[in-house]
2 protein chains.
Amino acid sequence: MTVSSLAIASAALATDACDSCPIRHRAVCASCEGEELDRLAEMKTYRSWKAGDVIAMEGDELPFVASLVTGCASLTRTLEDGRTQMVGLLMPSDFLGRPGRRMAAYEVTAATDVTLCMFKRGAFEVMLADTPNVSRRLLEMSLDELDAAREWMVLLGRKTAREKVATLLAIILRRASNDAAPLRAQLPLTRDAMASYLGLTIETVSRQMTALRKAGVIELDGTRGIACHDLAALLTEAGDDEDGTFLS
Amino acid sequence: MTVSSLAIASAALATDACDSCPIRHRAVCASCEGEELDRLAEMKTYRSWKAGDVIAMEGDELPFVASLVTGCASLTRTLEDGRTQMVGLLMPSDFLGRPGRRMAAYEVTAATDVTLCMFKRGAFEVMLADTPNVSRRLLEMSLDELDAAREWMVLLGRKTAREKVATLLAIILRRASNDAAPLRAQLPLTRDAMASYLGLTIETVSRQMTALRKAGVIELDGTRGIACHDLAALLTEAGDDEDGTFLS
DNA sequence: CGTGGCTTTGAAACGGGTCAAGACTGGTGG
DNA sequence: CCACCAGTCTTGACCCGTTTCAAAGCCACG
């Protein structure tokens with residue numbers, strides 16, 4: 001399994017200092033300060049996985065909930081006959097696990113190298129119950145994810161293969177690059193993972209990438225690198241009615 | 001617009017008695033008692049719409065949030081060129097609106113006659129902030145909706161037209177009927193709405209309904225009535241790996 | 001009894017899937 | 001250091017399911 005790491009120097013993560021945590025201001029802990037933050041810090045544990053590792057299988061007991069600190073992980077559901085659909089893509093600060101549910105509802109896989117900030121389920125649930133700063137933030141994040149899921153439903157239900165690929169590339173480019181044109185990024189996903197997320201086959205993803213390149217909308221650099229000189233053109237290909245604000 | 005009402009005697013709703021409310025134990029108010037319930041009761045207003053009415057358009061200001069009391073409403077997103085995808089189906093006890101957001105993110109349409117129990121946004125947000133019984137329930141409901149949305153992503157991304165239609169019929173039959181075989185129900189959705197939800201065209205929905213009837217899996221009674229003697233067979237057609245537990 | 005909206009049915013076109021090679025990439029061991 | 005190997009990605013040809021376009025049937029309602 002190719003290792004294409006987005007990991008930030010893991011030395012910083014080995015310490016317990018939430019102050020220097022890269023997701024401090026966006027994760028489920030974002031609204032906590034002082035005592036509350038200390039309490040979270042006491043119950044947390046870091047753990048890392050390599051790209052391609054399965055973090056949890058559908059139906060496994062998941063004894064923790066977690067914030068994704070670095071990297072990128074996917075949530076996937078499998079049908080009886082093996083067909084597979086990615087239903088979520090966790091990026092730094094996203095929350096993994098559902099309070100009140102012991103079993104993983106989806107297979108969780110590390111798309112790149114991943115580090116989680118984990119909380120034991122029981123302790124976290126107690127904290128959730130008595131700490132509005134946590135429960136409010138979690139509600140907010142859940143509603144954002146719901147919006148993202150619904151946006152994705154539009155893509156899955158109504159967009160053409162070309163629009164699907166363009167949409168995904170636009171999202172990745174906007175997230176990863178510091179908006180100076182040309183936008184550049186390394187794809188955190190294999191073609192396989194892209195296909196799974198987009199409800200397509202690998203071959204179709206590959207063909208559409210080539211088509212977008214030949215149309216001059218994007219440039220490819222090796223198998224993972226992409227660049228785009230004209231985001232507007234890419235967004236037009238994506239077929240959105242706005243400018244692709246979504247995906248939490 | 002054809003009126004196909006699921007409405008329960010609206011006389012009961014005209015009163016302010018939460019005790020006799022059909023969704024009392026499942027809606028966002030479910031965990032509230034005594035004082036808290038009184039407080040909610042004071043800020044609530046009922047309002048009804050006819051089947052086909054638009055309750056809110058995408059981008060409209062929505063000055064309230066609400067629980068759906070009776071009937072069925074759809075959330076729909078539209079692409080620039082007019083393609084349309086339903087992203088949610090609200091059934092009794094479901095929550096409408098997002099605390100903290102003024103604008104409707106989706107078009108909300110009454111699929112059947114609908115009655116909402118509405119709360120003014122401001123007052124509800126205050127209550128949400130200081131009443132764990134409300135915020136906890138809303139979090140739970142949001143996470144259920146997120147699960148349902150993800151389940152739907154699998155359907156949109158990977159299922160065949162036949163499986164899509166079978167899945168939707170199974171869900172409606174299970175919800176609507178009092179599980180004595182044969183399961184019977186009146187569809188709360190037009191073919192158009194079904195197609196919108198399933199990411200298909202009207203014609204394909206119609207063809208698959210006919211195909212399922214000819215295969216002996218379902219019976220059709222007029223244009224809205226369906227019956228099913230063998231739910232297991234229908235679930236097999238639906239292609240699920242379990243027994244279709246989802247959709248909040 | 002006619003009208004308009006919803007639904008069904010049919011025929012043809014097309015987009016994406018499937019199957020099958022072949023090319024590239026990065027890592028490994030001679 | 002280079003050749004090889006396994007895994008990943010690309011490309012091509014063909015096929016099938018769904019959409020598109022068109023027309024006819026059905027139903028509720030005026």
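In the text below, chain A, chain B and the rest are named by the order of the sequence lines, each starting its count at 1. Reckoned from all heavy atoms, side chains included, excluding hydrogens, waters and symmetry mates. This structure is a prediction, so every number in the text was calculated from the model and none was measured.
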In whole angstroms, how far is the [atom2] atom of [N] from the [atom1] atom of [X]?
X: A/D192; N: D/dT10; atom1: CG; atom2: P; answer: 12 Å
X: B/M209; N: C/dT8; atom1: CE; atom2: P; answer: 6 Å
X: A/R213; N: D/dT11; atom1: CZ; atom2: P; answer: 6 Å
X: B/I202; N: C/dG5; atom1: CD1; atom2: P; answer: 13 Å
X: A/K159; N: C/dG15; atom1: NZ; atom2: P; answer: 18 Å
X: B/R191; N: C/dT9; atom1: CZ; atom2: P; answer: 10 Å
X: B/L187; N: D/dC27; atom1: CG; atom2: P; answer: 16 Å
X: B/R83; N: D/dT19; atom1: CZ; atom2: C1'; answer: 13 Å

_Verdict with supporting geometry, A/R47 and A/L116, side chain to side chain contact (heavy atoms under 4.5 Å, CB included)_ = CA-CA 6 Å; A/R47 185 167 159 200; A/L116 298 185; 5.5 Å; no
*So which heavy atom on B/E58 is nearest to which on B/T78, and how close?*
OE1-N, 3.4 Å
*Provide the closest heavy-atom pair for A/M209 versus A/L187 in the form atom of the first, atom of the second, distance.*
CE-CD1, 4.1 Å
Considering only side-chain heavy atoms of [X], which listed nucleotide, [options], is closest?
X: B/L200; options: D/dT11, C/dG17, D/dT19; value: D/dT19
X: A/E203; options: D/dT18, D/dT11, C/dG16; value: D/dT11
X: B/R207; options: C/dT9, C/dG16, D/dC9; value: C/dT9
X: B/T160; options: C/dG16, D/dC9, D/dT18; value: D/dT18
X: B/S206; options: C/dT8, D/dT18, D/dT11; value: C/dT8

*List the steps and the verdict of salt bridge (Lys or Arg N to Asp or Glu O under 4.0 Å) for A/K159 and A/D240.*
CA-CA 9 Å; A/K159 288 192 176 178; A/D240 272 313; 3.1 Å; yes
_Carboxylate-amine/guanidinium proximity below 4.0 Å for A/D147 and B/R98_ = yes
*Has A/T204 got a side-chain N or O lying under 4.0 Å from the OP1 or OP2 atom of C/dG17?*
yes
*Below 4.0 Å: OP1/OP2 of D/dT20 and any side-chain N or O of B/T201*: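 Indeed not, no polar side-chain atom of B/T201 lies that close.
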